[in-house]
Amino acid sequence: MNARIKAWLEILGDLFWLRPALVVLGCILLAQFGVWLETAHIAGFDASSPDTNWGYSGGAEGARALLSAIASSNIGVAGTTFSITIAALTLASGQMGPRLLRNFIRDARNQTVLGIFLGAFAYSLMVLRTVRTVEESPFVPHLAITGALVLALVAIGTLVWFVHHIATSINIETVVDAVQRDLCKAIANHTCDEAGPTRPTEAPSGCATAATGGGYVQAMDTDALADWADENRVMVTLRVRPGDYVPSGYPIAFLSARAEGAEGAILDAVTLGRRPAALQDLEFSIRQLVEIAVRALSPGINDPFTAGSVVDHLGDALCRIAPRHLPTGVVLREGRAVLVHPVTDYDGLCDAMFHMIRQNAAGSVYVLGRMLDVLTRVAEVERFEDRAAELSRHADLVIAAARRDVADPSDLADLEDRHRRFRRTAPVAVA
């Protein structure tokens, strides 16, 4: 699928109103279908003989009262549901960071709950408009009213379930686990079973192509751009990757030679947006986890246990990467490099995971000790020498921060012992 279409679908997932609107539309169509079954006398339904129908068997006045009660109660509960959601978003924004709001807004369950209540309201109104008394040529759609009763019961169960869901969804461990699952999916999608072609070391040169408008790089269609470069016998060197912010007029690519239609091909392959997207950005979920940890370490919250939990999940991500290869950013066609683009390397991942947490955990013996333990476990799994050296660099940075900021000699001695344990483990990883 084209990268631009994928980015567009990603944006649709951020629209909180889209799924409720579809549910409401479905309920309206269902109401129309129920009324049509009654008027067409399908399957023996006879509006003039309510006693022969199953489900609702009352008269027009009772039907109007019932549908009015269902409609008014559901629109009231929908307002309450929306208020609870806003309160949960406010709490999440204050404790875990505003960028975590995306996870709550994209939650299909929250959207579906709101859609069910609004849908029951719309269904009841659509059926209510067809009810007529004796003075108006009597008509009572018994089947459709029975459907409204069923929707009312579904709404009651949904309300109970929603209270449980919203209470668990704002739990910090639940949020961290949800972001961790997104990170695991990104690792599976953006890592390789085998090593890619070697990346050229020379600096990019040639004809520059500038971006016509600024924004975040949300997606890149590297296959389409590589095919175009192969057809025109040029090599394209991109200077941006998903997650980067591109200023207006910034040259985002260099071509080895001039080619007709180069600017259009490059701009079509690079999708820019107003905010970062997780579609192709391996570090997107990492930044979310790190933000949770940094806020937990702030003086206003002071929750080192949450930061320690985040470090554990980051260590799990590195263990998942250990047997796999990161892409080199080189695309070949017939054995020739036609496209080179920036990618996230192992050093960059480790820096994104640990730098900010270590800097904000100054003096927190618990978090610094947890970081050393996690690095030790990852070193036991890792089998690449350059990666083990990167883990060793971060372990040295952690113990350096501890020596600078930890005042208690016994705590410092414990951290020194954990660092020595890492040193005994790291050589095994590179053997």
Side-chain angles (χ1 to χ4, degrees), residues 11-35 55-56 58 61-131 141 144-179 288 292 295 301:
I11 294 173
L12 286 182
D14 293 335
L15 300 178
F16 187 76
W17 56 265
L18 181 60
R19 189 173 276 106
L22 293 176
V23 174
V24 170
L25 178 60
C27 289
I28 291 175
L29 296 177
L30 183 62
Q32 290 293 100
F33 180 68
V35 174
Y56 178 77
E61 294 298 333
R64 284 182 170 176
L66 179 63
L67 291 172
S68 299
I70 294 175
S72 60
S73 60
N74 274 281
I75 195 64
V77 174
T80 303
T81 301
F82 187 75
S83 300
I84 294 174
T85 303
I86 294 299
L89 294 179
T90 303
L91 180 62
S93 176
Q95 290 191 343
M96 293 171 278
R99 275 158 289 277
L100 267 297
L101 293 182
R102 174 181 181 272
N103 299 61
F104 291 92
I105 293 175
R106 290 180 62 89
D107 191 341
R109 291 164 292 187
N110 292 339
Q111 299 175 10
T112 303
V113 166
L114 184 60
I116 288 175
F117 291 122
L118 295 178
F121 169 76
Y123 181 97
S124 301
L125 286 186
M126 294 300 295
V127 177
L128 180 60
R129 69 185 180 86
T130 65
V131 178
I145 296 173
T146 302
L149 288 172
V150 173
L151 277 178
L153 295 177
V154 170
I156 293 174
T158 300
L159 178 61
V160 176
W161 175 86
F162 176 73
V163 173
H164 164 77
H165 169 67
I166 205 68
T168 56
S169 64
I170 60 176
N171 182 281
I172 188 65
E173 293 295 339
T174 303
V175 176
V176 171
D177 183 67
V179 179
Q288 287 187 326
I292 294 174
R295 282 184 170 267
I301 298 178

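No hydrogens, no waters, no symmetry mates; every other heavy atom, side chains included, goes into these values.
For the side chain to side chain contact (heavy atoms under 4.5 Å, CB included) with L159, the qualifying choice from V77, V154, V113 is V77, the only one to do so. Only one option out of N74, V23, I75 pairs with L118 in a side chain to side chain contact (heavy atoms under 4.5 Å, CB included); it is I75.
Counting heavy atoms from C-beta outward, Q111 and W17 have side chains that stay 4.5 Å or more apart. Under the 4.5 Å side-chain criterion, counting only non-hydrogen atoms from C-beta, L151 is not in contact with I116. Within the 4.5 Å cutoff, the side chain of L149 has heavy atoms near those of the L66 side chain. A 4.5 Å side-chain heavy-atom check between I70 and F121 finds every atom pair outside the cut-off. Contact check for T80 versus F117: no side-chain heavy atoms found under the 4.5 Å cut-off.
Formation of a donor-acceptor pair under 3.5 Å by the R64 side chain with backbone atoms of E61 is not found in this model.
Residues C27 and A120 share a closest heavy-atom pair of SG-N, 4.4 Å. Scanning all heavy atoms of the two residues, the minimum distance from I166 to V163 falls at CG2-O, 3.4 Å. Heavy-atom minimum distance, A78 versus L114: O-CD1, 3.9 Å. Taking all atoms of both residues into account, the shortest heavy-atom contact from Q288 to V179 is OE1-CG1, 3.6 Å.
For residues 165-177, the pairs satisfying side-chain hydrogen bond (donor to acceptor under 3.5 Å, both in side chains) are D107-H165, N110-H165, E173-S309, D177-R181, with sequence neighbours left out. A salt bridge (Lys or Arg N to Asp or Glu O under 4.0 Å) check over residues 80-94, counting only residues at least two apart or in different chains, returns nothing.
Here the CZ-OG1 distance, from F162 to T112, works out to 11.0 Å after rounding to the nearest 0.5 Å. Note: M126 CE to L67 CG = 12.5 Å, rounded to the nearest 0.5 Å.
R19 meets the salt bridge (charged side-chain N to carboxylate O under 4.0 Å, His left out) test with no other residue; sequence neighbours excluded.
Other residues, nucleotides and ligands place more than 12 heavy atoms under 6.0 Å from the CZ atom of F16.
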**OP:** Step by step, work out the side-chain contact (heavy atoms from CB on, under 4.5 Å) result for V24 and Y123.
**Re:** CA-CA 8 Å; V24 170; Y123 181 97; over 6 Å; no

